[in-house]
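Reckoned from all heavy atoms, side chains included, excluding hydrogens, waters and symmetry mates. Naming: A, B, ... by sequence-line order, numbering from 1 per chain.
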Protein chains: 4
Amino acid sequence: MEKENLSVPSSRKDANRNVHKIMEAAKVVFKEKGTEAKIEEIAEKAGVGVGTIYRRFVNKERLVWAVGMEIIEEIRDKQRIDVDLSVPADQKIRLILDEFLLLHHKYGQLHEMLITLSQDTPFGEEIRHILSDVLQVTIREGQEQGIFRNEDPEILEAFVLHIVNASLIKRLRSQMDVEDIPKTIADFVLKGLS
Amino acid sequence: MEKENLSVPSSRKDANRNVHKIMEAAKVVFKEKGTEAKIEEIAEKAGVGVGTIYRRFVNKERLVWAVGMEIIEEIRDKQRIDVDLSVPADQKIRLILDEFLLLHHKYGQLHEMLITLSQDTPFGEEIRHILSDVLQVTIREGQEQGIFRNEDPEILEAFVLHIVNASLIKRLRSQMDVEDIPKTIADFVLKGLS
Amino acid sequence: MEKENLSVPSSRKDANRNVHKIMEAAKVVFKEKGTEAKIEEIAEKAGVGVGTIYRRFVNKERLVWAVGMEIIEEIRDKQRIDVDLSVPADQKIRLILDEFLLLHHKYGQLHEMLITLSQDTPFGEEIRHILSDVLQVTIREGQEQGIFRNEDPEILEAFVLHIVNASLIKRLRSQMDVEDIPKTIADFVLKGLS
Amino acid sequence: MEKENLSVPSSRKDANRNVHKIMEAAKVVFKEKGTEAKIEEIAEKAGVGVGTIYRRFVNKERLVWAVGMEIIEEIRDKQRIDVDLSVPADQKIRLILDEFLLLHHKYGQLHEMLITLSQDTPFGEEIRHILSDVLQVTIREGQEQGIFRNEDPEILEAFVLHIVNASLIKRLRSQMDVEDIPKTIADFVLKGLS
DNA sequence: TATGAATGAGGCTTCATTCAT
DNA sequence: AATGAATGAAGCCTCATTCAT
């Protein structure tokens with residue numbers, strides 16, 4: 001599915017500048033309040049009128065999707081870099097998880113939004129695919145290297161993806177130093193994979 | 001915190017029958033739609049007027065809590081039985097996870113509700129405590145038996161609890177037979193613990 | 001209009017005892033909250049069920065009327081005693097005002113209720129008549145004694161009645177000692193009459 | 001307290017036109033039904049949607065305040081003109097009372113609303129102050145001119161203010177010609193002051 | 001007859017979406 | 001094209017009144 005289906009395209013530069021402002025504002029507000037965030041608040045933070053949002057995004061749902069997709073892509077881009085390194089698969093998993101955790105720190109509530117999106121919407125397939133891609137490649141790599149067990153990579157990937165979750169992190173934060181969390185999670189995941 | 005804080009108590013049979021009908025309807029509707037469920041819909045499904053719900057539950061939030069607590073207790077009761085068996089700790093973990101998964105199958109969206117509840121409400125502490133109790137005992141048991149590694153039991157328990165999650169299960173359902181899910185999850189968890 | 005029109009009559013003693021309990025409770029609650037008072041609160045204070053109130057008083061309005069009428073009659077009875085004394089009319093007015101103020105102290109918000117009742121309901125005529133009766137007699141007396149001016153007694157009486165008002169008293173309370181209020185009001189009224 | 005606290009300000013012409021329409025409609029409806037008036041009815045009479053009212057007035061209470069304040073100010077403005085005339089204090093009182101009575105005729109139930117407002121809300125102080133201001137100045141003037149007695153002006157003012165009351169006027173209307181009411185009230189008040 | 005649980009119309013308020021400027 | 005004011009359906013909750021026990 002193309003980006004054009006999410007935000008209405010325009011040839012004007014200022015219009016596209018607005019789309020960008022709206023997306024940035026939406027990220028900030030969705031991060032704090034999740035899908036409950038009000039359109040008006042996003043408009044205010046973006047410095048545009050609500051009407052402008054509706055000119056660019058057919059409805060609230062589409063804006064949510066658009067924001068979700070952008071983050072997904074941000075995630076993928078970072079992971080791509082990790083996956084191209086020449087280190088053992090378990091090292092890569094650690095790196096990928098680190099990226100994930102950074103993004104969680106950055107996007108808060110948005111993670112939940114993505115999970116919901118990936119389940120309930122027509123974009124689900126797309127989102128799942130993007131997120132899975134890099135992880136599965138790495139898992140297969142690990143299996144070939146004999147580091148990971150021979151379970152279906154898709155399934156292992158589902159576990160990994162699921163573990164890197166805002167609510168788990170929140171929970172762990174109350175029980176350990178924040179900087180230890182990535183290692184702890186990676187340890188658990190890698191044991192699960194082995 | 002006492003149950004009386006959740007539903008207004010009454011000595012009358014008919015009143016309590018209605019409380020029961022409301023709770024059952026709420027479970028069904030919450031299962032489908034989560035906290036977004038409308039009071040009117042619950043009332044209709046319960047076969048009572050909205051006023052009846054408000055007579056027994058101060059507001060919607062309290063009804064959510066009440067339903068949550070009841071499920072939590074249902075979970076605990078089942079787990080208690082497992083934990084008293086004389087089998088190795090890893091066996092118990094498998095059993096406990098089986099129970100969990102059955103309940104997830106039964107309660108759907110309600111799981112998300114519980115997670116949210118356990119984070120944001122005054123009942124959180126209580127809920128976390130109930131859910132943790134049995135698991136931690138078993139984890140400690142496993143550590144004494146030398147089956148599980150010596151990480152802080154609270155942290156291990158957080159992982160286990162987190163993995164048994166509606167969205168993971170939903171995801172796995174699209175990739176494997178439903179009856180295989182419990183074993184797959186248990187395998188992953190037990191590896192993570194070992 | 002007869003009392004029977006207000007509370008449904010009953011031959012049973014316990015029923016009449018309930019009417020009494022309800023009326024007393026209603027007075028207390030109306031005093032505090034005015035007509036906004038909830039039936040359930042009155043029932044609770046009376047120690048009866050709401051159903052019992054509705055058995056005796058067709059609806060809330062009738063209960064309000066009944067309470068109003070009873071107070072009106074209490075007022076009249078006290079005034080009757082004053083008016084039969086053999087003192088000059090201005091003395092009597094002072095005494096009558098004293099009674100009024102005592103009742104205001106006793107009944108608070110109910111005074112406003114009576115005012116409203118006397119204007120908007122079929123009982124208005126009756127209430128006005130009872131309240132006016134004694135005052136007008138005294139005013140006429142004063143006019144015959146040459147103490148009061150010869151304005152229409154009904155009109156003078158309207159002024160007197162109006163001045164003895166909960167909100168005025170409340171206001172004065174913030175500016176003078178409570179025990180001085182009756183005299184201050186009486187002074188003003190008597191000047192107005194002279 | 002500033003007007004901005006009552007209605008949300010806006011620089012747009014159409015918005016302010018609506019605020020005006022809402023206030024006018026509210027005056028009319030409050031006049032008839034007092035605070036019990038329904039928001040929907042006001043919206044309908046104003047020819048706007050309910051949402052429009054809520055865009056400008058945080059809640060119903062604020063709308064009541066806003067209407068109250070506007071009337072209070074209308075009263076004060078008229079009184080200011082009277083008080084600046086060079087006539088004896090008793091003449092001024094007559095004029096001020098005339099204004100009051102005109103406004104009562106115009107605003108009906110709203111008078112009760114103002115009384116309640118001046119007692120129970122954060123605006124009370126402000127309202128009392130505005131209403132008192134002019135009257136007290138005139139009373140003091142009369143005392144200096146030897147026309148009024150030397151009672152505390154605040155107290156005398158309380159009486160005057162209290163007498164000019166919707167319910168008294170309503171009552172008098174049933175007993176005399178409407179055009180005679182102002183004189184009758186003024187006569188009584190001035191006697192009370194002398 | 002007395003009880004209090006049940007009812008549901010009706011009120012307040014919110015917010016995604018539309019539309020006039 | 002951009003704005004933000006306007007809209008109104010829809011949700012939560014209250015409470016006078018009814019009705020089953």
Side-chain angles (χ1 to χ4, degrees), chain A residues 8 10-12 14-15 18 36-44 47-61 63, chain B residues 8 10-19 21-22 36-41 43-44 46-61 63, chain C residues 10-12 14-15 18 36-44 47-61 63, chain D residues 8 10-19 21-22 36-44 46-61 63:
Chain A
V8 179
S10 164
S11 53
R12 284 180 49 164
D14 56 344
N18 274 341
E36 308 267 275
K38 291 175 236 163
I39 290 287
E40 214 164 304
E41 190 178 350
I42 295 170
E44 194 181 18
V48 303
V50 283
T52 306
I53 293 184
Y54 276 89
R55 167 167 293 278
R56 294 292 158 220
F57 301 89
V58 175
N59 54 29
K60 192 180 174 180
E61 204 183 5
L63 175 58
Chain B
V8 179
S10 164
S11 50
R12 281 173 50 162
K13 255 182 303 182
D14 52 351
N16 291 323
R17 188 160 50 245
N18 272 337
V19 168
K21 283 198 294 181
I22 291 165
E36 309 268 277
K38 287 172 261 167
I39 288 287
E40 298 226 329
E41 188 178 352
E44 193 180 17
V48 303
V50 281
T52 305
I53 293 184
Y54 281 95
R55 165 170 286 275
R56 293 296 156 218
F57 302 90
V58 174
N59 53 30
K60 194 181 170 182
E61 202 183 5
L63 175 58
Chain C
S10 164
S11 52
R12 286 181 47 164
D14 56 345
N18 273 340
E36 308 266 277
K38 290 175 237 163
I39 290 287
E40 213 162 305
E41 189 178 352
I42 294 169
E44 193 181 16
V48 303
V50 284
T52 306
I53 293 184
Y54 276 89
R55 167 167 294 279
R56 295 293 159 219
F57 301 89
V58 175
N59 54 28
K60 193 180 174 182
E61 203 183 5
L63 175 58
Chain D
V8 179
S10 164
S11 50
R12 281 174 50 162
K13 255 184 300 184
D14 53 350
N16 291 323
R17 188 160 51 245
N18 272 338
V19 168
K21 284 199 293 180
I22 292 165
E36 309 269 274
K38 287 171 261 166
I39 288 287
E40 298 225 330
E41 189 178 350
I42 295 170
E44 194 181 16
V48 303
V50 282
T52 305
I53 294 184
Y54 279 94
R55 164 170 284 276
R56 294 295 156 217
F57 302 90
V58 174
N59 54 28
K60 193 180 171 182
E61 202 183 5
L63 175 58

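Pairing each heavy atom of Y54(B) with each of N59(B), the nearest pair is CE2-CA, 4.0 Å.
If you take CZ of F57(C) and P of dA16(F), they are 16 Å apart, rounded to a whole angstrom. The separation between E44(D) atom CD and dG11(E) atom C1' is 15 Å, rounded to whole Å. At whole-Å resolution of the value, CG in L63(D) and P in dG11(E) are 16 Å apart. Rounded to an integer number of Å, the gap from CD1 of I22(B) to C1' of dT7(E) is 12 Å. Atom P of nucleotide dA20(F) and atom CZ of R17(B) are separated by 13 Å, given to the nearest angstrom.
For the side chain to side chain contact (heavy atoms under 4.5 Å, CB included) test, residues two or more places apart in sequence or in another chain that qualify with E40(A) are V50(A), R55(D). In this structure E44(B) satisfies the side chain to side chain contact (heavy atoms under 4.5 Å, CB included) test with no other residue, sequence neighbours excluded. Under the side-chain hydrogen bond (donor to acceptor under 3.5 Å, both in side chains) criterion, K21(D) pairs with N18(D), sequence neighbours left out. For E61(C), there are no salt bridge (charged side-chain N to carboxylate O under 4.0 Å, His left out) partners two or more places apart in sequence or in a different chain.
Remark: R56(A) is in phosphate contact with dA2(F), judged by side-chain N or O atoms under 4.0 Å from OP1 or OP2.
One finds the CD1 atom of I39(B) at 9.5 Å from the CZ atom of F57(B) (value rounded to the nearest 0.5 Å). For the atom pair K38(C) NZ and K60(C) NZ, the distance stands at 9.5 Å (nearest 0.5 Å).
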Given protein heavy atoms under 4.0 Å, the one-letter contact record of nucleotides 7-13 of chain F, with B base, S sugar-phosphate only and - none, is simply BBB-SSB
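Within the 4.5 Å cutoff, the side chain of V58(A) has no heavy atoms near those of the L63(A) side chain.
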Secondary structure of DNA chain E per the Watson-Crick/G-U criterion (both distances under 3.5 Å; [ ] crossing, | other strand, . unpaired) is .||||||||||||||||||||
